[in-house]
Amino acid sequence: MEQQRAILLRCASGFPLPPGVKMSYGTAGFRAEGMTLASTVFRTGVLAALRSLKMGSAAVGLMITASHNAVGDNGVKVADPSGSMMTQLWEPFADALAGAPTAEDFVRVVFEFVDEEKIPFGVARPSEILLGRDTRPSGEALLEAAKQGIAAVVGAVAIDMGILTTPQLHWMVRRRNEGRGASEDEYFRQLSDSFRRLMDLSPEGTLRNAYDPSVWVDGANGVGGEKLGELMKLLPAGLAVHVRNSGKDGEGILNDGVGADFVQKEKAIPHGFSTSDAGRRCASLDGDADRLVYFRITGEEGRKIDLTDGDKILSLFSLFIKEQLAKLEEGGEPAGRARLGAVQTAYANGASTEFLRRMGMEVAFTPTGVKHLHEKASEYDVGIYFEANGHGTVLFSDKFLRELEPLNAELATNHPGSESQKAALRLWEVSQLINQAVGDALSGFLLVEAILRHKGWSIEDWNSLYQDLPSRQLKVKVADRSVVTTANAETQVVNPPGLQEAIDAETAKYPNGRCFIRPSGTEDVVRVYAEAATQEAADGLARAVALEVGRSL
Ligand code: NG1
Ligand code: ZN
């Protein structure tokens with residue numbers, strides 16, 4: 001123990017906390033300007049090693065990325081052994097570690113927590129921390145800081161998995177703990193094999209055949225475009241993917257006028273696309289490829305794109321899965337009675353929630369941040385969650401997958417099988433394709449393509465499932481966003497007092513108005529979201545509330 005204390009103190013002294021830095025483990029771990037993060041990343045390396053020791057030396061992950069943020073920012077987050085985000089119970093500890101002013105304070109915080117959590121610390125028990133980073137220039141130096149943090153914990157071993165998308169790293173952590181192959185090759189093979197089998201299960205001679213096998217993808221000049229390029233080599237000929245903004249050869253700046261966040265929030269054409277792409281089915285990834293949105297350039301004057309966002313992806317997945325479950329039920333299979341649920345946040349377009357409910361889906365709401373949605377979705381047999389910004393996935397319970405397995409075995413020996421057997425096989429392949437650890441733009445993209453092809457749909461067919469209510473999002477820069485606190489899945493402001501009443505008064509002026517504000521967990525801003533009957537009204541409501549926020553902070 002004394003030796004461990006000495007190593008930790010020596011190593012931590014090499015990573016002093018820059019003055020004035022205040023870190024908080026927000027919706028997506030720690031995020032800040034890349035150059036200020038070395039101390040935080042070193043300390044998160046220690047945190048990840050402790051997490052592994054606490055979890056019986058299971059592998060955990062540490063990812064260095066700032067997702068859709070500007071290229072100068074960076075960030076770090078920890079993945080639990082299941083591949084999902086680190087338990088929220090440890091977040092206050094993460095904050096205390098990151099905030100300790102000196103190396104001595106840091107070591108004291110570590111030992112207090114180790115005592116409290118009864119972590120087998122200072123024992124040479126090998127535990128693995130898988131490391132990944134995106135393509136940001138500050139990533140390499142920060143990776144080194146993470147390695148040193150891990151090396152400061154006796155028994156902890158860092159395994160550098162290289163430049164990865166965030167979901168790839170989460171997938172690898174999960175697989176490693178399942179005792180299965182966790183390499184990047186295996187990731188690509190699993191996605192491409194299940195996609196191919198899903199395509200083979202498309203009904204022959206569909207009623208409608210408006211599916212165009214060509215799709216254009218904006219890679220946000222980040223890691224996703226490059227990985228999609230590698231994945232494409234394994235994809236069947238039935239899908240033609242054209243990658244733009246792949247970030248190679250200094251083609252453009254990460255997330256600058258490109259990527260899923262830009263397309264979704266600005267509803268604008270990303271760089272690298274133009275009106276000559278009008279009508280094409282286009283998709284956009286974010287900087288670390290855990291978000292996916294689709295869009296279509298309309299070519300109409302003034303109306304730049306038709307956005308097909310995370311809510312529409314959720315609706316498409318829900319529709320397909322519900323149809324397959326219905327086939328199982330018709331075939332008398334108990335799996336057909338699975339509890340199916342959709343999970344959204346307050347940012348979900350009101351029209352999507354109405355559509356899902358009309359379809360007979362159970363819809364639940366959680367605060368922003370995928371950790372909340374993921375946790376809620378895991379309560380269902382089949383839980384589908386998406387944020388409007390395109391982060392989401394489909395979770396299958398072990399119980400449900402066990403019910404499907406015998407049907408698959410039967411089908412394998414009894415080809416071609418009944419409708420319900422085919423439905424079982426489709427659902428099985430979806431569970432293999434779609435990332436079970438975290439939202440994954442690459443696996444989500446392949447599932448969208450497989451479903452559109454199955455249904456013979458164009459992007460317009462998909463988009464016309466329902467009509468979005470006009471909405472507007474704004475950011476208000478504030479001195480201290482932590483002054484704002486909210487309740488009821490972030491739909492009501494608690495602090496500062498009086499602000500909710502002001503928002504209510506503004507909202508009441510607009511037919512079908514809905515508006516809420518919350519502090520961002522990843523940027524120094526308060527976000528304003530407004531929905532109303534017309535675009536002008538949504539814009540007006542958002543602007544009026546943004547002024548109220550500015551006034552009261
Ligand atoms: P913040 O900055 O807390 O709003 C944003 C997204 C979240 C989530 C995180 C993590 C919006 C409005 N918010 O969080 O949904 O994706 O980033 O990347 O899109
Ligand atoms: Zn992201």
Side-chain angles (χ1 to χ4, degrees), residues 27-29 48 51-52 55 58-65 67 75-88 90 128-134 159 161-162 164-195 223-224 227 231 285-286 288-292 310 313-314 317 343 366 369-387 390-398 400-401 428-447:
T27 26
R51 187 73 194 137
S52 171
M55 300 302 282
V60 304
L62 183 151
M63 181 73 195
I64 296 171
T65 176
S67 181
V76 60
K77 55 187 164 187
V78 174
D80 257 354
S82 65
S84 56
M85 303 279 283
M86 182 186 77
T87 173
Q88 290 166 60
W90 273 43
E128 292 174 348
I129 294 87
L130 309 191
L131 302 181
R133 67 178 173 100
D134 69 14
I159 304 179
M161 307 304 285
L164 296 173
T165 72
T166 296
Q168 279 185 312
L169 182 76
H170 286 256
W171 183 92
M172 288 171 179
V173 169
R174 187 179 172 89
R175 289 275 290 208
R176 191 139 188 130
N177 289 314
E178 287 172 350
R180 299 165 73 195
S183 70
E184 186 170 39
D185 277 354
E186 272 149 318
Y187 170 86
F188 286 137
R189 222 172 314 127
Q190 162 120 358
L191 260 62
S192 55
D193 285 353
S194 52
F195 175 70
V223 60
K227 299 297 180 188
L231 180 59
L285 317 176
D286 76 336
D288 61 342
D290 60 0
R291 290 192 194 176
L292 168 73
I313 300 177
L314 170 66
F317 288 0
V343 186
T366 71
V370 293
K371 54 195 172 195
H372 303 295
L373 290 106
H374 190 96
E375 196 175 287
K376 186 69 199 169
S378 68
E379 292 173 11
Y380 296 94
D381 293 322
V382 183
I384 316 175
Y385 71 87
F386 264 88
E387 295 186 312
H391 187 122
T393 192
V394 186
L395 298 181
F396 292 87
S397 72
D398 290 342
F400 179 74
L401 290 178
W428 178 262
E429 295 305 345
V430 172
S431 79
Q432 301 302 298
L433 171 58
I434 197 88
N435 198 321
Q436 294 298 288
V438 75
D440 180 342
L442 298 186
S443 69
F445 167 71
L446 292 183
L447 183 54

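In plain terms, the two heavy atoms of Asp288 and Ser67 that are nearest each other are OD1-OG, 3.2 Å. Across every non-hydrogen atom of Trp171 and Ala437, the tightest pair is N-CB, 4.2 Å. Minimum interatomic distance between Asp381 and Phe400 (heavy atoms only, all atoms of both residues): O-CB, 4.0 Å. Of all heavy-atom pairs spanning Gly224 and Thr165, the tightest one is CA-CG2, 4.3 Å.
Side chain of His391 to backbone of Arg291: no donor-acceptor contact under 3.5 angstrom is found. Judged by distance alone, with hydrogens and angles left aside, the side-chain atoms of Glu387 form a donor-acceptor pair with the main-chain N or O of Gly369 at under 3.5 Å. Side-chain atoms of Asp134 never come within 3.5 Å of backbone atoms of Val223 as a donor-acceptor pair (strictly under, hydrogens ignored). Of the possible polar contacts, one joining the Asn435 side chain to the Pro167 backbone as a donor-acceptor pair under 3.5 Å is found. Side chain of Gln436 to backbone of Phe396: a donor-acceptor contact under 3.5 angstrom is found. When atom types are taken as modelled, the side chain of Asp286 and the backbone of Ala289 share a donor-acceptor pair closer than 3.5 angstrom.
Not counting sequence neighbours, the partners of Glu178 by the side chain to side chain contact (heavy atoms under 4.5 Å, CB included) test are Arg174, Arg175, Arg180. Looking at residues two or more places apart in sequence or on another chain, you find a side chain to side chain contact (heavy atoms under 4.5 Å, CB included) between Ser378 and Leu395. For Lys376, the side chain to side chain contact (heavy atoms under 4.5 Å, CB included) partners two or more places apart in sequence, or in a different chain, are Val343, Ala364, Thr366, Glu379, Tyr380. Residues forming a side-chain hydrogen bond (donor to acceptor under 3.5 Å, both in side chains) with Ser183 (at least two apart in sequence, or on another chain): Glu186. A search for side chain to side chain contact (heavy atoms under 4.5 Å, CB included) contacts involving Met55 returns Arg51, Ala58, Pro81, not counting sequence neighbours. Scanning for side-chain hydrogen bond (donor to acceptor under 3.5 Å, both in side chains) contacts around Glu128 gives Arg176, with sequence neighbours left out.
You'll find the side chain of Met85 stays beyond 4.5 Å of the side chain of His374, heavy atoms only. Between Asp290 and Asp440 there is no side-chain heavy-atom pair separated by less than 4.5 Å. Met172 is listed as a side-chain neighbour of Leu164, based on a closest heavy-atom distance under 4.5 Å. The closest side-chain heavy-atom distance from Leu62 to Val76 is below 4.5 Å. Considering only heavy atoms from C-beta on, Leu401 comes within 4.5 Å of Trp428 through its side chain. Within the 4.5 Å cutoff, the side chain of Lys77 has heavy atoms near those of the Thr166 side chain.
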Please step through side chain to side chain contact (heavy atoms under 4.5 Å, CB included) for the pair Ile129 and Ile159, ending with a clear verdict.
-> CA-CA 6 Å; Ile129 294 87; Ile159 304 179; over 6 Å; no
Given the rule in the side chain to side chain contact (heavy atoms under 4.5 Å, CB included) test, do Gln190 and Gln432 qualify, once you have shown the distances and angles that lead to the verdict?
-> CA-CA 7 Å; Gln190 162 120 358; Gln432 301 302 298; 3.5 Å; yes
Show your working on side chain to side chain contact (heavy atoms under 4.5 Å, CB included) between Leu131 and Ile64 and close with a plain yes or no.
-> CA-CA 8 Å; Leu131 302 181; Ile64 296 171; over 6 Å; no
Let me see the working for Leu446 and Leu231 under side chain to side chain contact (heavy atoms under 4.5 Å, CB included), right down to the final yes or no.
-> CA-CA 10 Å; Leu446 292 183; Leu231 180 59; 3.9 Å; yes
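From Leu373, atom CG reaches atom CD1 of Ile384 across 12.5 Å, with rounding to the nearest 0.5 Å. Expressed to the nearest 0.5 Å, how far CG of Leu442 lies from CZ of Phe195 amounts to 12.5 Å. Interatomic distance, Met63 CE to His170 NE2, rounded to the nearest 0.5 Å: 7.5 Å. Annotation: the span from Ser443 atom OG to Leu433 atom CG amounts to 5.5 Å, rounded to 0.5 Å. Taking CG of Leu169 as the start and OH of Tyr187 as the end, the distance is 11.0 Å to the nearest 0.5 Å. A distance of 4.0 Å separates OG1 in Thr393 from CD1 in Ile434, rounded to the nearest 0.5 Å.
At most 12 heavy atoms of other shown residues, nucleotides or ligands fall within 6.0 angstrom of atom CD in Glu375.
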